[in-house]
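Here is the structure we will look at, set down as structure tokens.
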Amino acid sequence: MHNAQWKTRKVVIVGAGAVGSTFAYTLAQSGLADEIVLLDVNQEMVKGQALDLSHGLAYYPNVEISAGDSHDYRDAHVIVITAGAKQQSGQSRLDLLQRNAAIIEDIVDNIVAQGSEGIIVLVSNPVDVLTYLAHLRTSWERGRVIGSGTVLDSARFRYLLSKQCGVDVHNVHAYVLGEHGDSQVAAWSMTHLAGVPINEYCEQCGGCDGWGRLQREIEEAVRRSAYHIIEYKGATNYAVGLALVRIVGAILRNERSVLTVSVPLEGEYGLNNVSMGVPSIVSQNGVESIIEANLSPREEKALIASAKILQESIKEVSRLR
Ligand SMILES: NC(=O)c1ccc[n+]([C@@H]2O[C@H](COP(=O)([O-])OP(=O)(O)OC[C@H]3O[C@@H](n4cnc5c(N)ncnc54)[C@H](O)[C@@H]3O)[C@@H](O)[C@H]2O)c1
């Protein structure tokens, strides 16, 4: 429980579709949770998911998996919300806003009504806008309602850099900031390979022809990743499942890991009234604090532009509701 001794580690997953069920499967294999409870409006489907997942119990580390209901919010340590309509081919994340805002507010009201002391992790898109709305809705202290933010985008960025540079992805340190979406910002100024800033590494390596062009191509590939995968197979689920295990693991194990989760900003980076992906220290309390990186002027400008886009969406949906 929040700030208390935990006997069992209970994770509730709301939405047992492609993302929710893959996350449950990955979390079960990780051994990080003692209890995983799945909730979905589709009662038949969620029972089926819980049964199918439970039939693997002999092969996971010890864990209980079940289908539950809103009473499970009460003693959950982490509640991961993947419920909602998903992005259709060619549809922008912001188009989903209206539909998913109503669903999320309803779920959040239920969580609060159950007296939950857990941490909420939003995943449903548009994740930054929904995280901000959910944060306002709970009136909880900042950091207890967070979004998956650009944790997945940062992994995609690291993957592409690793391929380009021919260096193990674990030695590539790189972050995508801002919106989990079209206005995201690849923070080149924070990018290191084995402690060497990327530009210095490039000079030493000399293996790339036209690094400036390649940088733009990598940024664009990260930004377009979800669109391509959705066109190919209808949903993204594996990498996001792993990104969620990383976030939830940092909470359950009180790791104080630095992750670019989406968190409401209160003056950091000169921004307010918005939630977006920024490097944050993640512990059992959710986000403990935000790290303010020394960005380049171009990156700072892009981050402010990303915040403006999200603030407009927040205003738009607040006006309509
Ligand atoms: N943040 C990220 O990095 C990221 C990555 C991938 C997908 N997503 C988002 O995650 C969400 C889920 O994607 P998906 O592919 O799993 O979709 P999906 O359609 O497969 O699953 C969504 C599930 O939510 C359920 N649901 C709908 N309303 C509900 C409610 N009120 N209560 C409980 N359950 C409800 C549906 O029945 C369905 O099973 C989408 O919004 C998608 O855009 C986010």
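Heads up: numbering here begins at 1 and tracks the sequence. Both counts, for ligands and for their atoms, begin at 1 and track the order of listing. This structure is a prediction, so every number in the text was calculated from the model and none was measured.
Of the N or O atoms in Ser124, none lie within a sub-3.5 Å distance of an N or O in ligand 1. Inclusion of His180 in the set of residues having an N or O under 3.5 Å from an N or O of ligand 1 is warranted. Between Ala16 and ligand 1, no N or O atom pair is found at a separation short of 3.5 Å. Where the criterion is an N or O separation shorter than 3.5 Å, residue side chain and backbone included, Ala18 meets it with respect to ligand 1.
Leu160 and Leu177 end up in different hydrophobic clusters when Ile, Leu, Val, Met, Phe, Trp and Tyr side chains are linked at under 4.5 Å. Hydrophobic clustering of Ile, Leu, Val, Met, Phe, Trp and Tyr side chains at less than 4.5 Å, counting indirect connections, keeps Leu242 apart from Val78. There is no path of hydrophobic side-chain contacts, each under 4.5 Å, that joins Val176 to Val129.
With a 4.0 Å cut-off on non-hydrogen atoms, Ala85 touches ligand 1 through its backbone and not its side chain. Both the backbone and the side chain of Val19 come within 4.0 Å of ligand 1, counting heavy atoms alone. Only the side chain of Asn100 comes within 4.0 Å of ligand 1, counting heavy atoms alone; its backbone N, CA, C and O stay farther away. Heavy atoms of Ser148 found under 4.0 angstrom from ligand 1 belong exclusively to the side chain. Contacts between Val240 and ligand 1 below 4.0 angstrom, taking non-hydrogen atoms only, involve the side chain exclusively. Contact annotation: for Ile103 versus ligand 1, heavy atoms closer than 4.0 Å belong to the side chain alone.
Heavy-atom proximity to Met45, at under 4.0 Å, picks out these atoms of ligand 1: 39 (O). The ligand atoms of ligand 1 that sit less than 4.0 angstrom from a heavy atom of Thr82 are 11 (C), 12 (C), 22 (C). Of all atoms in ligand 1, numbered sequentially from 1 with element shown, those under 4.0 Å from a heavy atom of Thr236 are 5 (C), 6 (C). Against a heavy-atom cut-off of under 4.0 Å, Leu152 is close to the following atoms of ligand 1: 3 (O).
A donor-acceptor contact shorter than 3.5 Å links the side chain of Ser318 to the backbone of Ile314. Using modelled atom types, no side-chain atom of His135 and backbone atom of Gly143 make a donor-acceptor pair closer than 3.5 Å. In this structure a side-chain-to-backbone donor-acceptor pair under 3.5 Å is present from Asp128 to His180. Here the side chain of Asn42 pairs a donor or acceptor atom with the backbone of Met45 at under 3.5 angstrom.
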Side-chain donor-acceptor distances from residues 211-218 under 3.5 Å, at least two apart:
unit_1	atom_1	unit_2	atom_2	d
Arg213	NH1	Glu217	OE2	3.1
Arg213	NH2	Asp209	O	3.1

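Taking OG1 of Thr22 as the start and CG of Asn237 as the end, the distance is 3.5 Å to the nearest 0.5 Å.
With Ala83, Gly147, Pro126, Gly277 as candidates, the residue nearest to atom 35 (C) of ligand 1 on a non-hydrogen basis is Ala83. Looking at Gly17, Gly84, Gly149, Ser21 and measuring to atom 27 (C) of ligand 1, the nearest heavy atom belongs to Gly84. Taking all heavy atoms of Asn42, Val14, Asp40 into account, the minimum distance to atom 37 (O) of ligand 1 is reached by Asp40.
Listed by first and then second residue, the ring-ring contact (aromatic ring centres under 6.0 Å, His included) pairs that reach into residues 141-171 are Phe157-Trp188, sequence neighbours excluded.
Of all non-hydrogen atoms in Gly249 and Leu32, the two that sit nearest each other are CA-CD1, 3.7 Å.
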